[in-house]
Amino acid sequence: MKEITPRSEDFSQWYLDVVLKAELADYGPVKGCMVIRPYGFRIWELMQADMDRRIKETGHVNAYFPLLIPRSFLEKEKDHVQGFSPECAWVTIGGGEELEEPLAIRPTSEAMICSMYAKWVNSWRDLPVLLNQWCNVLRWEKVTRPFLRTTEFLWQEGHTLHATEAEAEEETLKMLEVYRSFSEEMLAMPVLTGRKTESEKFAGALRTYAIEALMGDGKALQAGTSHNLGQHFATAYGIDFLDKDQQRAKPWSTSWGSSTRLIGGLIMTHGDDNGLVLPPRVAPYQVVIVPIPPRKGDWNEQVLPKAREVMAALKGAGIRVHLDDRDNQQTGFKYADWEMRGVPLRLELGPKDIEKDQCVLVRRDTREKSFVPLAGLPDAARDLLERLQAALLERARGFVKDNTTRVSTYAEFKEAMTGRRGFILAGWNGDPAIEARIKEETKATIRVIPLDGGAETPCVVTGQPGREVWFAQAY
RNA sequence: CGGGAUGUAGCGCAGCCUGGUAGCGCACCUGCUUGGGGUGCAGGUGGUCGUGGGUUCAAAUCCCGCCAUCCCGACCA
């Protein structure tokens, strides 16, 4: 088995090595279209199940809309089509014949869903509409990287309609908070929340909000977005309703999405030189049992029965557990193998342990070993998994803190960007030209404006009155 | 889309310059060995050399086209 490139040596290569060697994904035959392999897909399923629960708990229901969108639908919202048409893939032939109207493979579903909403919404009683869909989307990206930027990816997209601006804004912020809590609670990935600048907002949106996470190489990853679409889409797609006072009114819409990109964030937040490190809550296997063969005799008699017993006990306690009973691999190989795959806890069980009615638990993050009596094992394992989950979040928070620099001069800003990068807190006068200049000169962009607008701080470039915002180089 | 590079077994590569029966390491299969941190030995399976054309008695090798991938730029709600 080939070694994983050290993280410090080449972060990009390290990331690719982890994705491929841990068998999360593999390249497909079409550029940018990756195969999500079973181990990677299980992570997605676990994430998806929890995110789906959160979406439903906030009052939304799931539906499914078509993959193909007529060109004329997409063209109805001007900013939207400008933003997305460069990355659209088109179906022009069907059944061997040229189509009258090309069909876009959805890059996102506002156009399709809003068109249907126009048909369905007539009265104030029909509002709010709170729909979500889980699906694939296609965006023709020029540069692709597994999970982070792929031509086709899986995501959820929520699309809602509201009677008032205040309600729409509340919804937008509510879903931003769902993404924040999900990232931190499930992925142990701390994120910034805030508003995007004009240059970074969604095509056709009034306001875009995002969560931003800091990766191990000091670059920021946009991990989820929530848009207040204003009345732009209602206007473009002709959605209106009769209000209580019998006046025709246009609803306010929102959309919000999170994707398989979160898996990339997970990898780059926690992984180390030995490979993946998975937070227990999204780990396909939370515990892997590595049975140790006896020096003499048959492990089928001396070790495996006990190992199966232990596995059953852990499973009974709701822990996802795998027994590695491969007899063609050595113990040391298995240790390295499961570490690479990021399994949070390794349980070693050998003849010596069985004699003493104990086992060895080894944490993936710290490699700390503990001897645990088999009697109370499920509780001890669950407890350790919870502590590990919390420790990962704490460590990641520490990393963000250590890699956040508050600067007051542009020289300091540039210096921070040439070093370890990370988040930079600096004043900005609100001028897009300044934002563009900073990007050109340092590669840093404004990741988010704090939700409260940011503390009053002189602009780092001009010295004019400004607000403190978060900068970083983005993925 | 511009600049550079690379396509040979599942993966990583050599062979190409100087044309002459396709090789190495890992992985995989068999057997033994080993086993509490990536064992060792022996045997074995697997390749129309990215693709189309050209030159030649003969092309992985030389020439031309195309395709794909990677790196750097541009692009990327």
Side-chain angles (χ1 to χ4, degrees), chain A residues 1-5 10 12-13 16-17 20-21 23 26-34 77 79-88 107-111 137 139-145 148-151 153 155 157 195-210 222 224-229 232-233 255-259 261 274-275 289-299 302-303 324 326-340 346-356 358-362 367 369 371 439-440 443 445 474-475:
Chain A
M1 188 160 304
K2 204 190 144 197
E3 302 276 325
I4 292 171
T5 305
D10 183 344
S12 290
Q13 192 57 52
L16 285 175
D17 284 350
L20 296 173
K21 296 199 171 75
E23 297 180 343
D26 201 355
Y27 294 107
V30 178
K31 181 191 165 188
C33 296
M34 65 169 185
E77 215 289 336
D79 290 338
H80 192 59
V81 66
Q82 270 186 7
F84 280 106
S85 62
E87 26 184 332
C88 266
T108 177
S109 298
E110 276 79 3
V137 288
R139 297 180 186 181
W140 212 264
E141 300 284 358
K142 291 183 178 167
V143 178
T144 67
R145 299 183 75 190
L148 296 177
R149 174 167 284 112
T150 50
T151 303
F153 57 92
W155 75 346
E157 48 178 328
R195 186 162 58 83
K196 288 290 184 182
T197 61
E198 281 302 300
S199 68
E200 296 257 335
K201 82 176 186 191
F202 179 74
L206 182 65
R207 280 187 288 277
T208 287
Y209 299 91
Q222 179 172 300
T225 48
S226 186
H227 318 288
N228 184 336
L229 301 175
H232 302 166
F233 284 82
S255 71
W256 27 274
S258 65
S259 72
R261 182 181 241 204
N274 296 313
I289 302 174
V290 180
I292 314 295
R295 291 199 176 278
K296 289 175 187 172
D298 188 352
W299 76 338
Q302 297 182 36
V303 181
D324 187 354
R326 289 178 289 181
D327 61 1
N328 61 339
Q329 296 295 358
Q330 280 196 282
T331 305
F333 177 90
K334 290 180 182 179
Y335 290 174
D337 196 36
W338 291 112
E339 270 171 18
M340 182 191 65
R346 177 174 76 237
L347 190 156
E348 303 173 7
L349 183 73
K352 283 188 255 172
D353 302 309
I354 292 172
E355 262 175 46
K356 297 181 200 163
Q358 65 169 31
C359 66
V360 182
L361 286 181
V362 186
R367 289 197 178 192
K369 284 192 181 197
F371 296 88
K439 181 181 183 182
E440 193 175 327
K443 290 188 171 176
T445 51
Y475 258 94

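Values below: all heavy atoms of this structure, side chains included; hydrogens, waters and symmetry mates excluded. Residue numbers start from 1 in every chain, and the chains themselves are labelled A, B, ... in the order their sequence lines are given, proteins ahead of strands.
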So A/Arg145, base contact, sugar-phosphate only, or nothing? Heavy-atom distance under 4.0 Å.
nothing

Quantified in whole Å, what is the P atom distance between nucleotide B/A14 and nucleotide B/A5?
16 Å

Would you call the rings of A/His80 and A/Phe202 parallel, tilted or perpendicular if under 30° counts as parallel and over 60° as perpendicular?
tilted

Could you tell me how far B/G12 sits from B/G50 if I compare only their P atoms? Round to whole Å.
14 Å

Measuring only between side-chain heavy atoms, which start at C-beta, is A/Gln329 closer than 4.5 Å to A/Asp324?
no

Base-pairing mate for B/G25 - Watson-Crick or G-U, with both contacts under 3.5 Å
B/C11

For the P atoms, the ones on B/C62 and on B/G7, what distance do you get once it is rounded to whole angstrom?
11 Å

Find every protein N or O atom lying less than 3.5 Å from an N or O atom of nucleotides 39-46 of chain B, and list the pairs.
residue: B/U39; atom: OP1; partner: A/Gln330; partner atom: OE1; Å: 3.3
residue: B/U39; atom: OP2; partner: A/Gln330; partner atom: OE1; Å: 2.5
residue: B/U39; atom: O5'; partner: A/Gln330; partner atom: OE1; Å: 3.4
residue: B/U39; atom: O4'; partner: A/Gln330; partner atom: OE1; Å: 2.8
residue: B/U39; atom: N1; partner: A/Gln330; partner atom: OE1; Å: 3.4

Could you check if a side-chain atom of A/Glu348 sits within less than 4.5 angstrom of a side-chain atom of A/Val362, using non-hydrogen atoms only?
yes

Scan A/Asp79 against the nucleic acid and name what it touches under 4.0 Å (heavy atoms): base, sugar-phosphate only, or nothing.
nothing

Checking side-chain polar atoms at under 3.5 Å, does A/Asp298 have a donor or acceptor matched by the opposite partner on A/Gln302?
no

Quick one: closest heavy-atom pair of A/Ala210 and A/Gln222, and the distance?
CB-CG, 4.2 Å

With a 3.5 Å cut-off and heavy atoms only, can you find an N or O donor on one side and an acceptor on the other between the side chain of A/Asp337 and the base of B/G38?
no

In whole angstroms, the gap separating P of B/G31 from CG of A/Asn328 amounts to 11 Å

Distance, rounded to the nearest Å, where A/Lys21 contributes NZ and B/A27 contributes C1'
12 Å

By nearest atom, which of the nucleotides B/A74, B/G37, B/G36 is closest to the A/Val143 side chain?
B/A74

Take atom CD of A/Glu440 and atom C1' of B/A74, then tell me their distance rounded to the nearest Å.
12 Å

Considering only the C1' atoms, how many Å lie between B/A22 and B/U8, rounded to the nearest integer?
8 Å

Between B/U55 and B/C1, how many Å separate the two C1' atoms, rounded to a whole number?
34 Å

State the pairing partner of B/G2; accept Watson-Crick or G-U wobble contacts with both distances under 3.5 Å, and report none otherwise.
B/C72

Within 45° cone and under 6.0 Å: A/Arg261 NZ/CZ vs A/Phe153 ring
no

I'd like the C1' distance from B/C24 over to B/G46, given in whole Å.
15 Å

Below 3.5 Å, does any donor atom in the side chain of A/Arg295 face an acceptor in the base of B/G36, or the other way round?
no

B/U21 and B/A58, which share atom name P, separated by this distance in whole Å
15 Å

Taking the side chain as every heavy atom from C-beta outward, state whether A/Pro293 and A/Val303 have any pair of such atoms under 4.5 Å apart.
no

A/Lys352 side-chain proximity, nearest of B/G36, B/G73, B/G37
B/G36

Using a cut-off of 4.0 Å on non-hydrogen atoms, how would the nucleic acid contact of A/Pro107 be classed: base, sugar-phosphate, or nothing?
nothing

Measure CD1/A/Ile4 against C1'/B/G38 and give the value in whole Å, please.
12 Å

Flag yes if more than 12 heavy atoms outside A/Trp299 fall under 6.0 Å of its CH2 atom; otherwise flag no.
yes

Select base, sugar-phosphate, or nothing to describe what A/Glu198 touches, counting heavy atoms under 4.0 Å on all strands.
nothing

For A/Asp26 and B/G10, give me the distance from atom CG to atom C1', rounded to whole Å.
10 Å

Please give, in whole Å, the distance from B/C75 C1' to A/Glu200 CD?
14 Å

For A/Val360, report the nucleic acid contact type (base, sugar-phosphate, nothing); a contact means any heavy atom under 4.0 Å.
base

Pair assignment for B/G50, Watson-Crick or G-U wobble, requiring both distances under 3.5 Å:
B/C66

From CE of A/Met34 over to P of B/C70, roughly how many Å is that when rounded to an integer?
14 Å

For RNA chain B, whose closest nucleotide is more 5', that of A/Pro293 or that of A/Ala336?
A/Pro293

Between A/Thr144 and A/Lys369, name the one whose nearest nucleotide on RNA chain B is closer to the 5' end.
A/Lys369

Atom-to-atom span, CG of A/Asp17 to P of B/C11 - whole angstrom
15 Å

In the structure shown, which nucleotide is the Watson-Crick or G-U wobble counterpart of B/U61, with both distances under 3.5 Å?
none

Test A/Trp256 against A/Thr225 for side chain to side chain contact (heavy atoms under 4.5 Å, CB included), laying out the working first.
CA-CA 6 Å; A/Trp256 27 274; A/Thr225 48; over 6 Å; no

Reckon A/Gly350 touches a base, only the sugar-phosphate, or nothing at all at heavy-atom distances under 4.0 Å?
base

Using the C1' atom in both, what is the distance from B/A59 to B/C64, to the nearest Å?
15 Å

Taking C-beta and beyond as the side chain, do A/Phe371 and A/Lys356 meet within less than 4.5 Å on heavy atoms?
no

